[in-house]
Chemist: 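So that we are looking at the same thing, I have put the structure below in structure tokens.
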Protein chains: 2
Amino acid sequence: MSDQPPNSEARERVLNTAEKLFAERGYKAVTLRDVADALGIKQASLYYHVPHGKEALFVEVTERNLRRHQLGLKTLIGAASSLRTKLSAAANWLLSQPPMDLGRMLQSDMVAITPEEASRLELIAYDALLMPIADIFIRAGVVGEIRQENPIMLAGALISVIESLCALPEHYLTQSRHVMAESLITLFLDGLRVR
Amino acid sequence: MSDQPPNSEARERVLNTAEKLFAERGYKAVTLRDVADALGIKQASLYYHVPHGKEALFVEVTERNLRRHQLGLKTLIGAASSLRTKLSAAANWLLSQPPMDLGRMLQSDMVAITPEEASRLELIAYDALLMPIADIFIRAGVVGEIRQENPIMLAGALISVIESLCALPEHYLTQSRHVMAESLITLFLDGLRVR
DNA sequence: GTCTATAAAGGGATAGAC
DNA sequence: GTCTATCCCTTTATAGAC
């Protein structure tokens, strides 16, 4: 897909650092100097690992991030047996990762890059994040375990609720994020029981 | 509180435009040129209305935005009588406003401005957005209408779920945002029923 | 109130030394 | 692989004309 230098240890470090920063703050809010500083190298040195510049770096690590979420979510969800444990697995995965703010990505990051890349990433976000979780609700719906609500909406709601726990500043945390996540899953399950 | 030129019609237009752009895309992603372009004037002309520059503009309009939310939420919630209509009123208010992404604001915008202003805005966000909605859950909890869950968490969850509807791209909208909001409120209410 | 011109700093990108 | 030096464009901000 591209003509990068051979994948080295060092290149991985660059991608990991950039991935974390972009996921947390977004495209415009992160400069290449921020990335370089976090790595302890100079900004120009980044171009050895990422010759195509900032936007290409953003697209590459964002796609990677989404794919890792897809893999992590599918694996953990697949390994869980009940509806509740599947949702817990999904929530715990999301809590274990650097917060990736889907809302910001769609509203702010996507308008700052080329439209072609933006729609590619949007599609990837759809089937890497929304679909694996929507699937849970779809299956539970067809077997009558829960009401049949719009599954994409439910997946989006669950993701944004869990993501909002990641964004919550420490001093508002009366309980741990995992405990709150479980409460919210209980709320969802009770709220979706067939009436 | 500050030494702005007399509040004119023109200054209001500037603030409104800046407010909308900053709320949608965030501090770093909006340039003063973007604001000026949207107004049809030159970037330097902004300084007549906002002599203290970009950060001061951001802080002023973000505070204004939060205060308007506080007023709008409190008014609409106060005018509603039942638990459900209060939550609907809050959701409809949020849907009626330019999407203000709290998560992005906390994670990205706040680290880009001076820490003092950041913590001021954080506090304002807390009592302008979270508290009015948390209040609904608190009151409903004490009279036994719903389970007593962490009300701040519930408020945060509701806000982020509704905000995520604003961010949803048009082509994923199988139903209107208002319809989805009602479904989600139903889910919350069913999920919070005393067991 | 808005303009042009311009200073000053920031940020992306390239060239070439080591 | 990383550095320094440098280019160039963007962005913030100021000065002064109209």
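Lettering follows sequence order; numbering is per chain, from 1.
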Chemist: Does the side chain of B/Leu87 come within less than 4.5 Å of B/Phe137's, by heavy atoms?
Modeler: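 Yes, close enough: below the 4.5 Å cut-off.
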
Chemist: In whole angstroms, how far is the P atom of D/dT12 from the CG atom of B/Asp37?
Modeler: 12 Å

Chemist: Could you write out each protein N or O paired with an N or O of nucleotides 3-6 of chain D at a distance under 3.5 Å?
Modeler:
unit_1	atom_1	unit_2	atom_2	d
D/dC3	OP2	A/Lys42	N	2.6
D/dC3	OP2	A/Ser45	OG	2.8

Chemist: Between B/Tyr27 (OH) and C/dG10 (C1'), how many Å, whole number?
Modeler: 13 Å

Chemist: To the nearest Å, give me how far apart NE2 (A/His52) and C1' (C/dG12) are.
Modeler: 15 Å

Chemist: Ignoring hydrogens and angles, state whether a donor on the side chain of B/Asn65 or B/Thr62 is under 3.5 Å from an acceptor on the partner side chain.
Modeler: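 Checked: B/Asn65/B/Thr62 side chains show no N/O donor-acceptor pair below 3.5 Å.
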
Chemist: Do A/Lys20 and A/Glu24 meet the salt-bridge criterion of a basic N to acidic O distance under 4.0 Å?
Modeler: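 Answer for the salt bridge query: yes.
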
Chemist: Is there a side-chain polar atom (N or O) of A/Thr31 under 4.0 Å from OP1 or OP2 of C/dG10?
Modeler: no

Chemist: Is A/Lys28 close enough and on-axis enough to A/Phe58, meaning under 6.0 Å and within 45°, for cation-pi?
Modeler: no

Chemist: Write down the distance between CG (B/Leu57) and P (D/dT11), rounded to a whole number of angstrom.
Modeler: 16 Å

Chemist: Checking salt bridge (charged side-chain N to carboxylate O under 4.0 Å, His left out) between A/Arg177 and each of A/Glu163, A/Glu182, A/Glu170, which is the one that passes?
Modeler: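 Answer to the salt bridge (charged side-chain N to carboxylate O under 4.0 Å, His left out) test with A/Arg177 among A/Glu163, A/Glu182, A/Glu170: A/Glu170.
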
Chemist: So A/Trp93 and A/His69, would you call those rings parallel, tilted or perpendicular, with 30° and 60° as cut-offs?
Modeler: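 If you compare the ring of A/Trp93 with that of A/His69, the planes turn out perpendicular.
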
Chemist: Just the rounded figure in Å: distance from P of D/dT11 to NZ of B/Lys28.
Modeler: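 Atom NZ in B/Lys28 sits about 12 Å away from atom P in D/dT11.
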
Chemist: Rounded to the nearest angstrom, tell me the gap between atom NZ in A/Lys54 and atom P in D/dC9.
Modeler: 18 Å

Chemist: Please state how far atom CG in A/Leu32 lies from atom C1' in D/dC9, giving the value in whole angstrom units.
Modeler: 15 Å

Chemist: Rounding to an integer number of Å, can you tell me how far B/Tyr47 OH sits from C/dA7 P?
Modeler: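 Rounded to whole Å, this separation is 17 Å.
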
